[in-house]
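Protein chains get the first letters and strands the later ones, always in sequence-line order, with residue 1 at the start of each. Here the structure is a predicted model, which means the values were calculated and not measured.
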Amino acid sequence: KAGVTQTPRYLIKTRGQQVTLSCSPISGHRSVSWYQQTPGQGLQFLFEYFSETQRNKGNFPGRFSGRQFSNSRSEMNVSTLELGDSALYLCASSRQLPGTANEKLFFGSGTQLSVL
Amino acid sequence: DQQVKQNSPSLSVQEGRISILNCDYTNSMFDYFLWYKKYPAEGPTFLISISSIKDKNEDGRFTVFLNKSAKHLSLHIVPSQPGDSAVYFCAASVSSGTYKYIFGTGTRLKVLA
């Protein structure tokens with residue numbers, strides 16, 4: 001069974017540009033969550049989608065947005081990039097809603113975004 | 001406000017000895033906890049979980065202990081192996097429906113051969 005696939009693996013952008021990251025969950029998984037990892041900050045929750053609906057959102061500015069398609073694939077978009085957006089963006093899928101007992105996240109390898 | 005804290009950024013242990021990684025949380029509503037391991041250039045992988053109805057869960061060399069009154073959990077690895085060298089994250093959730101995990105900042109474990 002294929003794991004969570006994130007594309008691209010690496011991305012270099014300049015300030016002010018926008019970027020779209022893609023995530024394909026494990027087959028049969030209906031939930032996709034996005035996290036931002038920066039040194040010293042751990043994994044910060046961005047948002048979670050289940051059946052094309054955003055169920056929860058983290059404390060990030062409106063420049064960060066996402067969506068989920070009917071095949072459970074998800075994209076996240078960051079507009080007007082800032083230097084501080086440089087980070088590893090991780091996508092994770094789960095069979096059902098995450099955070100519930102006995103449910104766990106399966107992570108992709110991430111997209112490393114560098115903003116110059 | 002960091003609701004899940006891993007106060008030790010790094011830990012070094014000799015091969016064969018016990019590794020103890022600690023995690024503290026502030027939200028008393030958290031009732032489901034997980035540990036993940038992360039190697040460089042890879043996504044985190046699930047290790048072990050524990051529900052708040054238990055105070056211990058074992059899986060092979062890995063044991064997680066939960067002390068609800070102290071809002072503290074720990075991961076014990078016995079015996080430690082060089083392949084265990086990685087960053088370890090604890091995560092917590094409110095299982096009744098916040099649909100997210102709150103992760104700690106991670107502890108980098110180095111197992112010395």
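- Aromatic rings from A/Y35 and B/F103 are positioned such that their centres are separated by under 6.0 Å.
- B/K54 NZ: 12 or fewer foreign heavy atoms inside a 6.0 Å radius.
- Heavy atoms of A/Q6 lying under 4.5 Å from chain B are absent altogether.
- Summarising the local packing, CZ of A/R73 is surrounded by more than 12 heavy atoms from other residues, nucleotides or ligands at distances under 6.0 Å.
- Counting heavy atoms from C-beta on, the side chains of A/Q41 and B/T105 never come closer than 4.5 Å.
- Comparing A/G42, A/G108, A/P98, A/S31 by heavy-atom pairs within less than 4.5 Å of chain B, the highest count is held by A/P98.
- Heavy atoms closer than 4.5 Å to chain B are found in the side chain of A/L88, but not in its backbone.
- Side-chain contact check for A/L105 versus B/Y101: some heavy-atom pair is nearer than 4.5 Å.
- In this structure, no portion of B/V87 lies under 4.5 Å from any heavy atom of chain A.
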Between A/Q37 and B/K38, does the side chain to side chain contact (heavy atoms under 4.5 Å, CB included) criterion hold? Intermediate values first, please.
CA-CA 12 Å; A/Q37 184 188 8; B/K38 186 179 184 300; 3.2 Å; yes
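- A distance below 6.0 Å separates the ring centres of B/Y36 and A/F107.
- The CG atom of B/L47 lies 11.5 Å from the NZ atom of A/K104; values are rounded to the nearest 0.5 Å.
- In this structure, CG in A/N102 is found 9.5 Å from OG in B/S95, a value given to the nearest 0.5 Å.
- Under the 4.5 Å side-chain contact rule for hydrophobic residues, B/I102 and B/M29 share a cluster.
- Looking at A/R9, its side chain does come within 3.5 Å of a backbone N or O of B/A41 through a donor-acceptor pair.
- For A/E103 against B/L34, the heavy-atom pair with the smallest separation is O-CD2, 4.1 Å.
- Within 6.0 Å of atom CD1 in A/I12, 12 or fewer heavy atoms from other residues, nucleotides or ligands are found, so the atom counts as exposed in its surroundings.
- Closest approach of B/G43 to A/L90, counting heavy atoms only: CA-CD2, 4.2 Å.
- Using a 4.5 Å cut-off between side-chain heavy atoms of Ile, Leu, Val, Met, Phe, Trp and Tyr, with links allowed through other members, A/F45 and A/M76 fall into different hydrophobic clusters.
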Assess the residue pair A/L43 and B/F89 against the criterion (side chain to side chain contact (heavy atoms under 4.5 Å, CB included)); give the C-alpha distance rounded to whole Å, side-chain angles, the decisive distance to 0.1 Å, and a yes or no.
CA-CA 9 Å; A/L43 279 68; B/F89 292 96; 3.6 Å; yes
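- The 12-atom threshold is not exceeded at NZ of B/K110, counting heavy atoms of other residues, nucleotides or ligands nearer than 6.0 Å.
- Atom CZ of A/R15 has 12 or fewer heavy atoms from other residues, nucleotides or ligands within 6.0 Å.
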